[in-house]
Undergrad: 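Before I ask anything, let me first share the structure, which is written out below as structure tokens.
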Amino acid sequence: MNKIAIIGGGIVGASAAFYLSKAEDFDITVFDEKTGQATSAAAGIIAPWLSKRRNKQWYQLAHHGAALYRQLAQDANLDTQAFSKVGVFVNRNKPESLDDLSCLAQARIKTAPEMEVIEKWDKQTIVDRMPYLSDWAKPGLFVSGGARVDGKHLIAQLETASNLTIRNEKANITVKNHEVLVNQEHYDSIVIAAGAFAKELVSPFGFELKITPQKGQLIELQSNLIQADDNMPIVMAESLSELIPIGNHQVLVAATHENDAGFDLRATQPEINGLVQNAEVTMPKLAGHIANMITEVRVGTRPYTADFAPFMGTIPGFDNVWIANGLGSSGLTTGPISGKLVADDIMSGTGFDGYTKPISNYLSEI
């Protein structure tokens, strides 16, 4: 029996555990303290095909991550709270920019059939399909294959589908004579999937992990004045916060990107005010009222790398210790595929070619 420790029960750790749990010869333990976990606070938008990021490895990972969700939803029996294919609407303020976006989408659908249907929506279509935006209603592009993911529900359902041992405790790593122990226990394979909190887990191996924390906050709104339901598309309005309908008269406004807040998990009023102001642009009739519609503020900490690229692999000199990190704000898109790639490498040594730069790029010797 191969004993496996997974440190971190966020999207990467939960996904790796899910795929490893399908093998009969693994005894898997997940250590998950949950403090500051980015996944539990996150609402994901699965639409990487509309990104203009030039990092080809990131797009390869994100593209395959988006495609994986359909099968994962079936295999893990995810409900629509965790994952729902509602489509995504992206606007551009200039007609030529919208044309450019349309050309990009048409090019990418050739290798990404999961995009399904691409349509240009005019003002009347927006009013008909998303009445809560009728006073804003700027033309844009609709991609029907886009999806909504709620991180908290997703990892809870992956845990249920995996039927694993979950330890709600902090994990500590010690290295003695090249043997790696987690909380003084031996494991045959170890996966470090602790996101922004992974630095202290890597230092016992003699390396500093080159990631930085980024704080993210989002707000949940609920009011009968919001004419939205959970079948409506996600809205990515140019230069504004994303709007994610999650229920009758319920919308998430996401999310801040705070680079100087470290691991501060407090909800902060200036950033909440910024989200409210963005929502008032797209829902102008509700201006002055949106702050009173807030029912929840979610706060988490994302891990970022200097090149904004996720990475994965084994710690140099320790071929039984894997790490996956640096997912940033695309974590709910790239997390499941990252976890699956780690699981596949543990089971059959498939490697990570085409998906990541060398792990040495993200480590420096202490």
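Numbering starts at 1 and runs along the sequence shown. In what follows, every heavy atom counts, from backbone to side chain, and hydrogens, waters and symmetry copies are set aside. Small disclaimer: the values here were computed from a predicted structure and weren't measured.
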Undergrad: Quick one, R70 and Q74 - any side-chain contact, counting heavy atoms below 4.5 Å?
TA: no
Undergrad: Counting only heavy atoms not in K123, do more than 12 fall under 6.0 Å of its NZ?
TA: no
Undergrad: For K170 and E200, run salt bridge (charged side-chain N to carboxylate O under 4.0 Å, His left out): C-alpha distance rounded to whole Å, both residues' side-chain angles, the deciding distance at 0.1 Å, then the answer.
TA: CA-CA 11 Å; K170 183 177 180 179; E200 65 181 87; 3.2 Å; yes
Undergrad: Any idea which heavy atoms bring A267 and V297 closest together, and the distance?
TA: CB-CG1, 3.7 Å
Undergrad: Table please: side-chain donor-acceptor pairs of residues 209-219 below 3.5 Å, with sequence neighbours left out.
TA:
{"residue": "K210", "atom": "NZ", "partner": "N361", "partner atom": "O", "Å": "3.3"}
{"residue": "Q214", "atom": "OE1", "partner": "R302", "partner atom": "NH1", "Å": "2.6"}
{"residue": "Q214", "atom": "NE2", "partner": "N259", "partner atom": "OD1", "Å": "2.7"}
{"residue": "K215", "atom": "NZ", "partner": "D264", "partner atom": "O", "Å": "3.3"}
{"residue": "K215", "atom": "NZ", "partner": "R266", "partner atom": "O", "Å": "2.6"}
{"residue": "Q217", "atom": "OE1", "partner": "T268", "partner atom": "N", "Å": "3.1"}
{"residue": "Q217", "atom": "NE2", "partner": "E258", "partner atom": "OE1", "Å": "3.4"}
{"residue": "Q217", "atom": "NE2", "partner": "E258", "partner atom": "OE2", "Å": "2.9"}
{"residue": "Q217", "atom": "NE2", "partner": "T268", "partner atom": "OG1", "Å": "2.8"}

Undergrad: Taking D345's backbone N and O only, do any of them form a donor-acceptor pair with S348's side chain (distance below 3.5 Å, no angle check)?
TA: no
Undergrad: With a 4.5 Å limit on heavy-atom distance, are the side chains of L225 and M293 in contact?
TA: yes
Undergrad: Given the rule that I, L, V, M, F, W and Y join up when any side-chain heavy atoms are under 4.5 Å apart, are F18 and L61 in one cluster?
TA: yes
Undergrad: Could you tell me whether the side chain of H63 and the main chain of T111 form a donor-acceptor pair under 3.5 Å?
TA: yes
Undergrad: Minimum heavy-atom separation for V253 to L275, with atom names?
TA: CG1-O, 3.7 Å
Undergrad: Is a side-chain N or O of T314 found less than 3.5 angstrom from the main chain of W322, in a donor-acceptor match?
TA: no
Undergrad: Show your reasoning for whether side-chain contact (heavy atoms from CB on, under 4.5 Å) applies to I272 and I294.
TA: CA-CA 10 Å; I272 293 170; I294 298 173; 3.8 Å; yes
Undergrad: With ring centroids as reference points, do F352 and F311 lie under 6.0 angstrom apart?
TA: no
Undergrad: Within 45° of the axis and under 6.0 Å from the centre of the six-membered ring of Y59, does NZ or CZ of R54 qualify?
TA: no
Undergrad: Just checking D353: does its CG atom have more than 12 heavy atoms from other residues, nucleotides or ligands closer to it than 6.0 angstrom?
TA: no
Undergrad: Could you tell me which non-hydrogen atom of G8 sits nearest to which non-hydrogen atom of V30, and how far apart they are?
TA: O-CG1, 4.1 Å
Undergrad: Do E185 and R167 pass the salt bridge (charged side-chain N to carboxylate O under 4.0 Å, His left out) test, and can you show the C-alpha distance, the side-chain angles, and the key distance before you say yes or no?
TA: CA-CA 13 Å; E185 293 183 52; R167 293 192 187 178; 2.8 Å; yes
Undergrad: Donor-acceptor pair, distance only, cut-off 3.5 Å: does the side chain of E33 make one with the backbone of A171?
TA: no
Undergrad: Quick check: do Y362 and D307 have side-chain heavy atoms less than 4.5 Å from each other?
TA: yes
Undergrad: Given side-chain contact (heavy atoms from CB on, under 4.5 Å), test L286 with E280 step by step and report yes or no.
TA: CA-CA 6 Å; L286 301 181; E280 288 179 340; over 6 Å; no
Undergrad: Quick one: does H249's side chain have a donor or acceptor within less than 3.5 Å of a partner on I226's backbone?
TA: yes
Undergrad: Looking at H153 and G151, would you say the former's side chain and the latter's main chain have a donor-acceptor pair under 3.5 Å?
TA: no
Undergrad: Please find the pair of heavy atoms, one from A76 and one from L158, that lie closest to each other, and give the distance.
TA: CB-CD2, 3.9 Å
Undergrad: Working note: L154 + D150, criterion side-chain contact (heavy atoms from CB on, under 4.5 Å); need CA distance, chi angles, decisive distance, verdict.
TA: CA-CA 6 Å; L154 175 61; D150 187 289; over 6 Å; no
Undergrad: Got W121 and E119 here, is their nearest side-chain heavy-atom distance under 4.5 Å?
TA: yes
Undergrad: Just by distance, with hydrogens left out, do E169 and N183 show a side-chain donor and acceptor under 3.5 Å apart?
TA: yes
Undergrad: If you define the side chain from C-beta out and look only at heavy atoms, does anything of I4 sit under 4.5 Å from I190?
TA: no
Undergrad: Please answer: with hydrophobic residues joined when any side-chain heavy atoms are less than 4.5 Å apart, are L20 and L68 in the same cluster?
TA: yes
Undergrad: Quick one: CD on Q227 to OH on Y132, what's the gap to the nearest 0.5 Å?
TA: 11.5 Å
Undergrad: Is there side-chain contact between V88 and V90, with at least one heavy-atom pair below 4.5 Å?
TA: yes
Undergrad: Given the rule that I, L, V, M, F, W and Y join up when any side-chain heavy atoms are under 4.5 Å apart, are V127 and M232 in one cluster?
TA: no
Undergrad: Tell me if a side-chain donor or acceptor on D32 pairs with a main-chain N or O of G9 at a distance below 3.5 Å.
TA: yes
Undergrad: Do I315 and I323 have side chains that approach each other closer than 4.5 Å (heavy atoms only, starting at C-beta)?
TA: yes
Undergrad: Is there side-chain contact between I246 and E220, with heavy atoms separated by less than 4.5 Å?
TA: yes
Undergrad: Aromatic ring centroids of F318 and H178 under 6.0 Å?
TA: yes
Undergrad: Determine the minimum heavy-atom distance between I234 and P245, stating which atoms define it.
TA: CA-CD, 4.4 Å
Undergrad: Counting only N and O atoms by type, is there a donor-acceptor contact under 3.5 Å from the side chain of Q57 to the main-chain atoms of T356?
TA: yes
Undergrad: Does the side chain of D79 pick up a donor-acceptor pair with the side chain of Q157 at under 3.5 Å?
TA: yes
Undergrad: Should we say atom CG of N163 is surrounded by more than 12 heavy atoms from elsewhere, each under 6.0 Å from it?
TA: no
Undergrad: Keeping T305 on the side-chain end and A309 on the backbone end, is there a donor-acceptor pair under 3.5 Å?
TA: yes
Undergrad: Carefully, step by step, assess K3 and D25 under the rule salt bridge (charged side-chain N to carboxylate O under 4.0 Å, His left out).
TA: CA-CA 9 Å; K3 285 184 64 180; D25 56 344; over 6 Å; no
Undergrad: Could you please spell out the steps behind the ring-ring contact (aromatic ring centres under 6.0 Å, His included) verdict for H64 and Y355?
TA: CA-CA 10 Å; H64 289 159; Y355 292 106; 5.7 Å; yes
Undergrad: Please determine, by modelled atom types, if D128 and Q124 share a side-chain donor-acceptor pair under 3.5 angstrom.
TA: yes
Undergrad: What pair of heavy atoms forms the shortest contact from I118 to A105, and how long is it?
TA: CD1-O, 3.5 Å
Undergrad: Tell me, with the steps shown, if W58 and S51 meet side chain to side chain donor-acceptor pair (under 3.5 Å).
TA: CA-CA 10 Å; W58 175 85; S51 171; over 6 Å; no
Undergrad: Assess the pair F89 and F142: is the distance between their ring centroids shorter than 6.0 Å?
TA: no
Undergrad: Between Y187 and N2, do the side chains contain an N or O donor and an N or O acceptor separated by less than 3.5 Å?
TA: no
Undergrad: Starting from the C-alpha separation in whole Å, work towards a yes-or-no answer on side-chain contact (heavy atoms from CB on, under 4.5 Å) for M283 and L221.
TA: CA-CA 12 Å; M283 296 182 284; L221 308 178; 4.1 Å; yes
Undergrad: Donor-acceptor pairs are to be reported for all side-chain atoms of residues 92-103 against protein atoms at under 3.5 Å, with residues two or more places apart or in another chain.
TA:
{"residue": "N93", "atom": "OD1", "partner": "N91", "partner atom": "ND2", "Å": "3.1"}
{"residue": "N93", "atom": "ND2", "partner": "E238", "partner atom": "OE1", "Å": "3.4"}
{"residue": "D99", "atom": "OD1", "partner": "K120", "partner atom": "NZ", "Å": "2.8"}

Undergrad: Is the count of non-hydrogen atoms from other residues, nucleotides or ligands lying under 6.0 Å from E365 atom CD greater than 12?
TA: no
Undergrad: So, E208 and K199, do they make that salt bridge, N to O below 4.0 Å?
TA: yes
Undergrad: Assess whether atom CZ of F308 is packed by more than 12 heavy atoms of other residues, nucleotides or ligands within 6.0 Å.
TA: no
Undergrad: Is the backbone N or O of T80 less than 3.5 Å from a side-chain atom of R148, with the two atoms forming a donor-acceptor pair by type?
TA: yes
